[in-house]
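Report on the following structure.
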There are 2 protein chains.
Amino acid sequence: MDYYSQHSKFYVAVDCIIFGFQRGALKVLLQRRGFEPHAGEWSLMGGFVRRNEDVDDAAVRVLENLTGLRNIYMKQVGAFGSVTRDSGARVVSVAYFALLDIDQVSEEITSEQNSFWADINDMPQLVFDHQRMVKSAHERLITLVHSRPVGFNLLPELFTLTQLQQLYEAILGHAIDKRNFRKRIADMAFIEKTDEIDKVMSRRGAALYRFNRQTFNEDDGQRFRL
Amino acid sequence: MDYYSQHSKFYVAVDCIIFGFQRGALKVLLQRRGFEPHAGEWSLMGGFVRRNEDVDDAAVRVLENLTGLRNIYMKQVGAFGSVTRDSGARVVSVAYFALLDIDQVSEEITSEQNSFWADINDMPQLVFDHQRMVKSAHERLITLVHSRPVGFNLLPELFTLTQLQQLYEAILGHAIDKRNFRKRIADMAFIEKTDEIDKVMSRRGAALYRFNRQTFNEDDGQRFRL
DNA sequence: TCAAAAGTGTTAAGTTTACACCCATGA
DNA sequence: TCATGGGTGTAAACTTAACACTTTTGA
């Protein structure tokens, strides 16, 4: 008997905090829990880690199952390991957050999954410690967003400056001065104005912009800061 | 058979990145691994989570076992869950970092534990993914230190401004202008000058300061930023 | 008396904030 | 023609960065 086998084993799960942005609001994808205890209540999207699966890969798998999307920006939030966190069994859960373009998730798939996009400021009660997970994930997102160009993951490829500003206002939870915001954006060469015009949000039309990741990576001096 | 029991179980471990500060250098406490595989090689201080133990509590327990200290500042770094990370068995490990005053750890206990304080810039090779854990922990520490008064955990209760500056230089990895540094410190009412004088580091003697956590918490306007 | 660390201000550059009006368009 | 969202610049306040010499003491 080796040294390892004298120790206890645990279920290991992943839970995903899936962020989206819609009509000026930051949203989180929630799902009705499908098994006891607390079947039918709202929870994050989760799943158990498999025997031969990296924990990170389990999160990717769960996300793909529930949204149909791959290659999504994900980051680990941390492990939640209280003895009593899951009343059904001892489960250590690793939380991940994902940032995606809400329009890429078909309504078909969300209704099939019994899931819906809750406003982060108006969420139903969640099972177990999922509320805490959301809070941690949101805090991480706020920190991240100040120094890394991750917000673009929540927008379509082409977006207007108004959308971008509303996105940051939603994440940070406070208003931003329009002129100052646009000045800062103008200084970032990797946020490129395209020739396209969005006519959906205004009669006048707004220029559409694109985040150029390559320019961002290449231009050594490029930094994102808000 | 309930829904949980169809899933796999895993060993869950904690690994501690224990930071200390000594003679101008940021240090990490390493230990010779006591069991196979890789027995005798350098590793972080770790241990397995017990059946009825919170993961956070396991980290506290491991730290206390290996340093004799309690009530130490600790924060989770994250879970490391690659299938192949531990060649002995499938182990999901949750890393934590701790900040403590190196002088509080007796040399007796470190020699008994086969451990030593490695300079963060000159560490031996570590087993498994422990090097990555140290890197993540250090990055987290750098981020944290910019906005939270956590550095004091690495110093004795009374410290000189030179010590404090050297600490920040060691954590951040770059030199800081002495006058600018001292100006910023002077603006923080919660870093109090005491009547004590340190005569160890200089003939002239340097004023000893103290971090007053209460003042920091109470004074609502107080913010720490470096 | 000298070596070693402690202590101390000013200025210029850069960054951040506050703030209000005209523009283009479709209904 | 008017309602709606798009787009634009300047000045003051504040923050950061650069920089060099004097003090105290024990050996």
Side-chain angles (χ1 to χ4, degrees), chain A residues 21-25 142 145-147 149 155-156 158-170 172-189 191-210 221-226, chain B residues 21-25 142-143 145-147 149 155-156 158-189 191-210 221-226:
Chain A
F21 175 68
Q22 197 171 49
R23 277 182 248 112
I142 290 174
V145 114
H146 277 105
S147 60
L155 295 173
L158 299 181
F159 50 85
T160 67
L161 293 185
T162 300
Q163 276 179 291
L164 188 63
Q165 179 174 348
Q166 286 174 347
L167 170 64
Y168 278 96
E169 290 178 333
L172 301 176
H174 62 77
I176 301 172
D177 180 272
K178 180 161 63 154
R179 279 181 287 186
N180 294 337
F181 181 79
R182 289 162 104 105
K183 250 179 294 171
R184 283 204 295 272
I185 298 301
D187 289 342
M188 303 180 196
I191 303 180
E192 295 172 345
K193 192 173 190 167
T194 67
D195 295 334
E196 313 285 310
I197 302 287
D198 170 86
K199 299 283 285 184
V200 177
M201 295 305 284
S202 69
R203 309 196 206 293
R204 173 174 171 175
L208 285 163
Y209 287 74
R210 165 192 285 125
Q222 295 294 5
R223 290 196 318 154
F224 184 86
R225 27 180 318 273
L226 210 74
Chain B
F21 175 68
Q22 197 171 52
R23 276 182 249 112
I142 289 174
T143 305
V145 114
H146 277 103
S147 61
L155 294 174
L158 299 180
F159 50 84
T160 67
L161 292 184
T162 301
Q163 275 180 293
L164 187 63
Q165 179 175 347
Q166 286 174 345
L167 170 64
Y168 279 95
E169 290 178 333
I171 295 172
L172 301 175
H174 61 76
I176 302 172
D177 179 273
K178 181 161 63 155
R179 278 180 287 185
N180 292 337
F181 181 80
R182 289 164 105 103
K183 251 181 291 171
R184 283 202 297 271
I185 298 302
D187 289 343
M188 304 179 196
I191 302 179
E192 296 172 345
K193 191 172 189 168
T194 67
D195 294 334
E196 314 285 310
I197 302 286
D198 170 86
K199 299 283 285 184
V200 177
M201 295 305 283
S202 70
R203 309 199 206 292
R204 175 174 171 176
L208 284 162
Y209 287 73
R210 166 191 285 126
Q222 295 295 3
R223 289 197 317 156
F224 184 87
R225 28 180 317 274
L226 210 75

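Lettering follows sequence order; numbering is per chain, from 1.
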Nearest to the side chain of B:R203, which nucleotide is it out of D:dT10, D:dT23, D:dG26? D:dG26

State which of C:dT25, C:dT17, C:dG7 makes the closest approach to the side chain of B:A207. C:dG7

Tell me: [atom1] of [X] to [atom2] of [N], nearest whole Å?
{"X": "A:D187", "N": "C:dT15", "atom1": "CG", "atom2": "P", "result": "9 Å"}
{"X": "A:E169", "N": "D:dG5", "atom1": "CD", "atom2": "C1'", "result": "14 Å"}
{"X": "B:I185", "N": "D:dT16", "atom1": "CD1", "atom2": "P", "result": "13 Å"}
{"X": "B:K193", "N": "C:dG7", "atom1": "NZ", "atom2": "P", "result": "6 Å"}
{"X": "B:L226", "N": "D:dA17", "atom1": "CG", "atom2": "P", "result": "10 Å"}
{"X": "A:F181", "N": "C:dT15", "atom1": "CZ", "atom2": "P", "result": "18 Å"}
{"X": "A:M201", "N": "C:dT25", "atom1": "CE", "atom2": "P", "result": "18 Å"}
{"X": "A:N180", "N": "D:dA12", "atom1": "CG", "atom2": "C1'", "result": "13 Å"}

Nearest-nucleotide comparison on DNA chain D, the residue closer to the 5′ end among B:K178 and B:R184: B:R184

How do A:A206 and A:D177 order along DNA chain D: which one's closest nucleotide is nearer the 5' end? A:A206

Would you say A:R179 reaches C:dC19's phosphate, i.e. side-chain N/O to OP1/OP2 under 4.0 Å? no

Does A:T162 have a side-chain nitrogen or oxygen under 4.0 Å from the phosphate oxygens OP1 or OP2 of D:dG5? no

Base, sugar-phosphate alone, or nothing: which one does B:R225 contact when heavy atoms must sit under 4.0 Å apart? sugar-phosphate

Across the strands shown, which category fits A:T160 at heavy-atom distances under 4.0 angstrom: base, sugar-phosphate, nothing? nothing

Pairwise side-chain contact, B:L226 with B:F181, heavy-atom cut-off 4.5 Å (strictly under): yes

Is there a donor and acceptor pair closer than 3.5 Å between the side chain of B:R204 and the base of C:dA6? yes

Kindly indicate whether the side chain of B:K183 and the base of C:dT10 share any N or O donor-acceptor pair separated by less than 3.5 Å? yes

Smallest separation among heavy atoms of B:F21 and B:A170, with atom names: CE1-CB, 4.0 Å

Test your reading of the model: is there a side-chain donor-acceptor pair from A:E169 to the backbone of A:I176, 3.5 Å cut-off? yes

Would you compute the distance between atom CD1 of B:I185 and atom CG of B:N180 and round it to the nearest 0.5 angstrom? 11.5 Å

In Å and rounded to the nearest 0.5 Å, what is the OH to OG1 distance from A:Y209 to A:T194? 8.5 Å

